[in-house]
Amino acid sequence: LAFTLAEVLITLGIIGVVAAITMPVLTSKIRNHELEVRFKRANTIVSQAIKLMENDIDGASINEVYCNSNADMKNFIEDLSKYFPGSYVDKESNHASDLGYKNSYWLTPNGKAGSPSYDDFGGMRTNELIIYSSGCANFAQRKMGFVVDSNGLAKPNRMGYDAFVYIINDNNSLNTVHGYFNYPEDNAKKNCDFSAESTSLGSSCINFALKDVFPNDDTKSYWKSLP
């Protein structure tokens with residue numbers, strides 16, 4: 001059975017079209033799965049570190065210890081690094097680029113240049129993670145916040161993808177609902193908005209990542225629906 005050159009070329013053309021359609025989808029699925037795995041691992045590691053810190057301060061409130069002054073807020077990241085052996089710490093850093101990022105900011109959920117306001121009080125780099133202290137949300141609330149990049153220096157360095165904001169409650173549990181600015185829960189979706197016109201900085205994306213519910217459509221999986 002022989003094929004003419006025209007038939008071979010037509011077949012190759014069809015294969016090329018199918019590949020062009022399916023490869024981006026497949027690549028996106030692989031990327032999102034890897035981000036999900038890294039996020040879950042980072043969440044476990046960070047939760048354990050906060051628990052160890054609580055034990056070492058005899059159960060006192062982390063917020064009470066570290067939210068009294070700018071110096072205390074910088075000490076938070078240095079003390080947290082004790083639970084990450086071999087980590088590099090820069091407690092004076094106030095830009096993500098100080099720890100090796102190409103830019104001085106994280107991208108927003110929709111991929112635009114974001115704000116460096118989450119990294120004002122020092123940071124550290126481990127073998128796997130980048131952690132930056134954003135200090136206390138405000139002195140009235142006295143709640144320590146920090147950003148965890150589960151992908152380290154590797155891209156995308158983007159809120160809602162590999163960078164997530166954590167807040168420490170007064171009982172030392174991690175507040176993963178309201179975001180850095182303690183938004184009301186019904187506004188959480190607005191602060192993890194992936195649409196092109198959004199100005200969201202992604203402060204509440206961790207809430208949806210943990211529940212695996214996509215904020216723009218709560219019938220969809222968060223990790224399977226990342227753009």
Side-chain angles (χ1 to χ4, degrees), residues 9-49 84 96 99-103 105-115 118-119 125-132 146-166 174-180 183 185 187-227:
L9 292 176
I10 291 172
T11 301
L12 291 176
I14 293 173
I15 293 173
V17 170
V18 172
I21 294 172
T22 59
M23 282 302 294
V25 175
L26 181 59
T27 301
S28 178
K29 286 183 177 180
I30 293 172
R31 178 206 64 180
N32 290 356
H33 177 70
E34 181 177 348
L35 289 173
E36 179 182 11
V37 170
R38 287 182 178 273
F39 165 74
K40 289 180 177 179
R41 175 170 169 75
N43 185 67
T44 298
I45 292 172
V46 169
S47 298
Q48 291 173 344
F84 297 85
L99 289 186
Y101 282 116
K102 179 180 179 180
N103 301 310
Y105 52 79
W106 287 275
L107 298 175
T108 62
N110 61 4
K112 297 179 181 178
S115 167
Y118 294 136
D119 54 8
R125 183 178 67 240
T126 76
N127 290 334
E128 299 180 62
L129 312 174
I130 298 286
I131 302 178
Y132 254 103
F146 56 96
V147 176
V148 176
D149 189 328
S150 61
N151 212 23
L153 294 177
K155 293 181 179 181
N157 307 140
R158 182 171 172 180
M159 286 290 174
Y161 284 70
D162 57 346
F164 294 89
V165 178
Y166 287 79
L174 293 175
N175 182 338
T176 59
V177 176
H178 301 294
Y180 180 63
Y183 294 110
E185 191 165 355
N187 283 341
K189 290 183 179 181
K190 296 180 182 179
N191 299 294
C192 185
D193 189 347
F194 294 86
S195 60
E197 67 276 8
S198 171
T199 59
S200 165
L201 296 180
S203 63
S204 60
C205 285
I206 188 171
N207 174 38
F208 302 99
L210 285 170
K211 295 190 299 185
D212 196 20
V213 174
F214 195 60
N216 298 67
D217 184 347
D218 57 14
T219 65
K220 296 181 179 179
S221 160
Y222 181 92
W223 294 104
K224 293 179 181 179
S225 303
L226 285 177

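One is the number of the first residue; the rest follow in order along the sequence.
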Residue pairs fulfilling salt bridge (charged side-chain N to carboxylate O under 4.0 Å, His left out) with at least one residue in residues 39-48, sequence neighbours excluded: E36-K40, R41-E128
Atom pair [atom1]/[atom2] of [X] and [Y] - distance to nearest 0.5 Å:
X    : Y    : atom1 : atom2 : result
F39  : C205 : CZ    : SG    : 10.0 Å
T126 : D149 : OG1   : CG    : 10.0 Å
N110 : E197 : CG    : CD    : 8.5 Å
S204 : F164 : OG    : CZ    : 11.0 Å
W223 : L35  : CH2   : CG    : 6.0 Å
L226 : S28  : CG    : OG    : 7.5 Å

[X]: side-chain hydrogen bond (donor to acceptor under 3.5 Å, both in side chains) partners, not counting sequence neighbours:
X    : result
Y161 : R158
D162 : none
T44  : none

Can you list the residues that meet the salt bridge (charged side-chain N to carboxylate O under 4.0 Å, His left out) rule with [X], with sequence neighbours excluded?
X    : result
K155 : none
D218 : K189
R38  : E34

Mind checking what makes side-chain contact (heavy atoms from CB on, under 4.5 Å) contact with [X], not counting sequence neighbours?
X    : answer
A163 : W106, V147, M159
L99  : Y88, D90, R125, I130, Y132
S47  : N43, L174
A49  : L80, Y83, F84

Please find the pair of heavy atoms, one from [X] and one from [Y], that lie closest to each other, and give the distance.
X    : Y    : answer
S221 : D212 : OG-OD1, 2.8 Å
L153 : G100 : CD2-C, 3.6 Å
D217 : T219 : OD1-OG1, 2.6 Å

With sequence neighbours excluded, residues passing ring-ring contact (aromatic ring centres under 6.0 Å, His included) with F214: F194
Y222 side chain to G160 backbone, donor-acceptor under 3.5 Å: yes
Side chain proximity check, P215 to D193, heavy atoms < 4.5 angstrom: no
